[in-house]
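Just follow the structure's listing: the first ligand is 1, and inside any ligand the first atom is 1.
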Amino acid sequence: MGMGTIERMDTTLEHPVRLHRAISAASETARWRVEEVQALLDLPFNELLFRAQTVHREHWPAGDIELATLLSVKTGGCPENCGYCPQSAEFDTGVKAQKLMSVEEVTAAAQAARDAGATRFCMGAAWRAPKDRDIERVAELVQAVKGLGLQSCATLGMLEAHQAQALRDAGLDYYNHNLDTAPEYYGDIVDTRTYQDRLDTLAHVRAAGISVCCGGIVGMGEAPVHRAGLLAQLANLDPYPESVPINSLVRVPGTPLADSEPIDPLDFVRVIAVARILMPKARVRLSAGRQQLGEAVQALCFLAGANSIFYGDKLLVTGNPDVEADRQLLARLGLRGHEVAANEGACE
Ligand code: SF4
């Protein structure tokens with residue numbers, strides 16, 4: 001079921017609420033073709049936002065925004081060559097490699113997060129694929145986080161099935177692993193792993209009973225069809241991810257993608273809107289690159305169905321001016337933020 005169905009609904013269901021209930025029901029069971037997703041991306045802007053907002057309001061409380069924060073527990077020195085990433089050891093970006101943090105350090109950070117009202121805590125580590133002994137150490141971190149009564153998230157790179165199970169056994173609730181872009185463009189972004197590697201890890205995570213956080217990045221020089229291809233891949237995961245971070249490339253000097261042509265901000269809003277339509281029950285998260293969009297475009301993203309932001313560049317740093325600006329923006333828009341120290345976007 002896909003765009004053809006929606007077009008038929010356009011002519012038979014004139015009432016907007018009935019129309020969009022039908023769209024929502026269709027997208028629950030859809031396997032989306034890339035051309036169908038492209039047709040949604042190409043809708044007149046107001047029509048697309050109307051559809052996305054209607055789907056959004058059927059599945060989520062109005063004005064509810066999740067505020068997600070990440071702790072990097074192991075930074076830099078990654079052997080992968082993701083063209084957007086300052087943590088790759090291949091690129092000279094000034095990021096200093098750091099070892100995995102201790103249980104004590106992570107526990108203290110998680111405690112601070114909980115004391116500030118967080119209910120979920122994520123740990124990001126810049127590994128290609130953790131070794132079993134790394135998993136054992138992260139499992140201790142997960143248990144420490146769970147011991148504080150927090151939900152746990154992690155993003156650690158590629159996992160084997162038994163590693164995903166070990167993390168689940170330790171109590172891990174969410175795992176972030178992004179598809180980045182469409183399969184056809186993937187080799188232009190990274191060549192130290194394949195798209196199938198990503199899908200395999202996502203399958204292991206899902207099979208272990210861990211909730212999936214999976215999204216991508218736009219503004220990496222991709223063609224519009226690649227954006228449609230990414231969204232189709234995400235929506236066709238069965239089931240689709242519980243969280244979908246959509247990143248706008250942050251062009252970090254020293255990375256191969258530093259000189260990429262920025263995405264048209266209105267095209268970014270379109271990507272958010274189509275993600276909302278295709279995956280009605282997912283948390284659609286504005287992640288990396290949000291600040292560079294400007295406040296008006298962010299407001300359009302919320303209208304398009306984004307209901308989570310990746311916020312603060314350090315865990316719960318009080319007085320962080322960016323965090324204060326976010327709070328003020330949400331207040332001006334009449335949106336309610338609630339804090340979740342969560343993952344998503346760790347690896348980009
Ligand atoms: S995105 Fe993740 S896997 Fe890729 S280089 Fe950065 S830390 Fe490594």
K.L.:
Which atoms of ligand 1 have any heavy atom of E80 under 4.0 Å away?
P.N.:
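Under 4.0 Å from E80, ligand 1 has these atoms: 3 (S), 4 (Fe), 5 (S), 8 (Fe).
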K.L.:
Apply ring pair (Phe, Tyr, Trp, His ring centres under 6.0 Å) to F302 and list each qualifying residue two or more places apart in sequence or on a separate chain.
P.N.:
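F302 satisfies ring pair (Phe, Tyr, Trp, His ring centres under 6.0 Å) with no residue once adjacent residues are dropped.
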K.L.:
Short check: any N/O/S atom of C85 below 2.8 Å from atom 6 (Fe) of ligand 1?
P.N.:
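C85 does place an N, O or S atom closer than 2.8 Å to atom 6 (Fe) of ligand 1.
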K.L.:
Specify the closest pair of heavy atoms between A110 and L150, including all atoms of both residues, with the distance to one decimal.
P.N.:
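Looking at all heavy atoms of both residues, the shortest contact is O-CD1, 3.5 Å.
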K.L.:
As an exercise, identify every atom of ligand 1 less than 4.0 angstrom from a heavy atom of A126.
P.N.:
7 (S)
K.L.:
Determine yes or no for a side-chain-to-main-chain donor-acceptor pair under 3.5 angstrom, with W127 supplying the side chain and M158 the backbone.
P.N.:
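Looks like no, no N/O pair under 3.5 Å.
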K.L.:
Pick, from R193, H177, E90, Q87, the option with the minimum heavy-atom distance to atom 3 (S) of ligand 1.
P.N.:
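Looking at heavy atoms only, R193 sits closest to atom 3 (S) of ligand 1.
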K.L.:
Find all atoms of ligand 1 within a distance of less than 4.0 Å from any non-hydrogen atom belonging to C78, and give their numbers and elements.
P.N.:
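Heavy-atom distances to C78 below 4.0 Å select 3 (S), 5 (S), 7 (S), 8 (Fe).
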K.L.:
Which of the atoms of ligand 1 are close to Y84, meaning less than 4.0 Å from one of its heavy atoms?
P.N.:
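That gives atoms 1 (S) of ligand 1.
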K.L.:
I need the minimum non-hydrogen distance between A306 and I272, along with the two atoms involved.
P.N.:
N-CG2, 3.8 Å
K.L.:
Name all pairs fulfilling the salt bridge (charged side-chain N to carboxylate O under 4.0 Å, His left out) condition that reach into residues 73-95, sequence neighbours left out, sorted by first residue then second.
P.N.:
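Every salt bridge (charged side-chain N to carboxylate O under 4.0 Å, His left out) pair that includes a residue of residues 73-95, provided the two are not neighbours, is E80-R128, E80-R193.
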